Protein chains: 2
Amino acid sequence: MTKPIAPARAKPSHKAPKPEAGYHHGELQEALIAASEAILAEHGAEAFTLREAARRAGVSPAAPSHHFGNAQGLLTEVAIRGYDALAGALRDTASRKQDTREKLHAQGLAYVEFALKHPGRFQMMFANKRLVADDPRLRQASRAAGREFEIIIAELVGGTPKQAKTAAAAAWSTVHGFAKLALEDKFGSVKSEAGYREIMTMLNHVLNYLWPASNARR
Amino acid sequence: MTKPIAPARAKPSHKAPKPEAGYHHGELQEALIAASEAILAEHGAEAFTLREAARRAGVSPAAPSHHFGNAQGLLTEVAIRGYDALAGALRDTASRKQDTREKLHAQGLAYVEFALKHPGRFQMMFANKRLVADDPRLRQASRAAGREFEIIIAELVGGTPKQAKTAAAAAWSTVHGFAKLALEDKFGSVKSEAGYREIMTMLNHVLNYLWPASNARR
DNA sequence: CTATCTATCTTAACACTGTTAAGATTGGAC
DNA sequence: GTCCAATCTTAACAGTGTTAAGATAGATAG
């Protein structure tokens, strides 16, 4: 599945000057993924439609099946990239701080920021039933993102691996729950810029409130 | 919308011994809600279908519209009852403990237990886009459930109302995030009885890990 | 250079879905 | 006893994901 990455843009050298003539080439996968991400960004996770993705990519509704099998396959690819982006954001954030405690705090902020700025993608990443939940690459991408947390946590709390895992689960739960509740407007509207900033300062308080405990326990 | 609660079961006294003859009467709302809850319990939130709910209630696909407007209306009613049940569970749980700290801990366990035992209902309660998100009764029911947390939290941490709200948000985020992540299999499979118990003991550790801080700060 | 092969895409169809308008049926109000 | 408003059905519409069968194009082999 997912093809061998395509032969690096095979050029139709003799005819058709524009690459959009007749048939798509190796770019369809990317075009479909991009189209899907655009839908998620513009209208949220529930608005995704395989046909709309195909429409935006300029192909027939049946075309995606040859590359991704079905809608779940395409969305799984989108989710994998989402986890990669999330892991990258968490890693970048941590790298910008010196103090371990600050790294964790910054990661918490970055996690929620990611969720609130890319709600459609974020929701889809955690909509197992719309994905191929047991896809190895998806599972690995998800675990890799979680590991970014564990690395900092282990540095902070020490203890046995199991203790670190529990602490990481606690941290992840907090920021994930906060993000989810915020996205469901449980802390007020997140649409306006003012609402967004209010929620982020609230998160700041929440993190300062909960996580000092981890610091004291090493 | 949602009708004036129906005239208390108008009996077809003279004909038709069985109440299932020809037309439904004041019981359709209840029948549809029950059918919807059954679908959620059996196959999860994504499996819900208005037509299937109508099918189970023994009516045509168009019948629900007269009572709930559309699918969102019906699901909103289901979500309201879900929040009521959740609030009741949280209240009952708290009432069974003496120590405030234990009340909070027990509520955390009860929250996740509710989510894991009624995943379909729980997921639907937090699927704003599938509900009439601004329905006053829904908002009130949601707030009432959240208040069960705030009551205990305020008792535990004291401080200003805003501090209490922040602490409640922290507590709610933790258990909500844990439940959500568990439901997406991020802590291992929750299907088996063994997996369920493992996750609940993990939650126990998480709560003991995070919330003692609240205790120390009063 | 030509023939063939295989991946890619389209067309057409199927079984679904939610929603709506128009008509039938009912029980109770007047 | 007649009308009325609520309730339900029938029928239709636009839209969905998926599949099978056929068309097309690019690469490959002779």
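Proteins come first, then strands; the chains are lettered A, B, ... in the order of their sequence lines, and each starts at number 1. What you see is a predicted model, and the numbers here were worked out from it, not measured in a lab.
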Visitor: Any idea which of D:dA11, D:dT18, C:dG18 is nearest the A:Ala71 side chain?
Guide: D:dT18
Visitor: Mind calculating the distance between CD (B:Glu46) and C1' (D:dT16) to the nearest angstrom?
Guide: 17 Å
Visitor: In whole angstroms, how far is the P atom of D:dT7 from the CZ atom of B:Phe68?
Guide: 11 Å
Visitor: Parallel, tilted or perpendicular, judged at 30° and 60°: which one describes the rings of A:Trp172 and A:Tyr111?
Guide: perpendicular
Visitor: For B:Glu37, enumerate each residue passing the side chain to side chain donor-acceptor pair (under 3.5 Å) test, keeping only those at least two apart in sequence or located in another chain.
Guide: none
Visitor: Write down the distance between CD (A:Gln29) and P (C:dT8), rounded to a whole number of angstrom.
Guide: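 After rounding, the reported distance stands at 7 Å.
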Visitor: Looking just at side-chain N and O atoms, do A:Gln123 and A:Lys180 make a donor-acceptor pair shorter than 3.5 Å?
Guide: yes
Visitor: By the ring-ring contact (aromatic ring centres under 6.0 Å, His included) test, which pairs, at least two apart or in different chains, include something from residues 42-63 of chain A?
Guide: none
Visitor: Does A:His67 put a side-chain nitrogen or oxygen below 4.0 Å from OP1 or OP2 of C:dA7?
Guide: no
Visitor: Over 60° means perpendicular and under 30° means parallel, so classify the ring planes of A:Phe122 and A:His176, tilted if in between.
Guide: tilted
Visitor: In this structure, how many angstroms lie between the P atom of D:dG15 and the CD1 atom of A:Ile39, rounded?
Guide: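 Answer to the nearest Å: 15 Å.
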Visitor: Separation of A:His66 atom NE2 from C:dT10 atom P, in whole Å?
Guide: 9 Å
Visitor: Separation of A:Lys129 atom NZ from D:dG17 atom C1', in whole Å?
Guide: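 So the NZ-C1' distance, A:Lys129 to D:dG17, works out to 18 Å.
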Visitor: Atom CG in A:Leu203, atom CD in A:Glu198: separation rounded to 0.5 Å?
Guide: 13.0 Å
Visitor: Measure from the side-chain heavy atoms of A:Ala63 and tell me the nearest of C:dA12, C:dC9, D:dT9.
Guide: C:dC9
Visitor: Taking only N/O atoms, report every protein-nucleotides 14-17 of chain C pair under 3.5 Å with atom names and distance.
Guide:
from: C:dT17; atom 1: OP2; to: B:Arg55; atom 2: NH2; distance (Å): 2.7

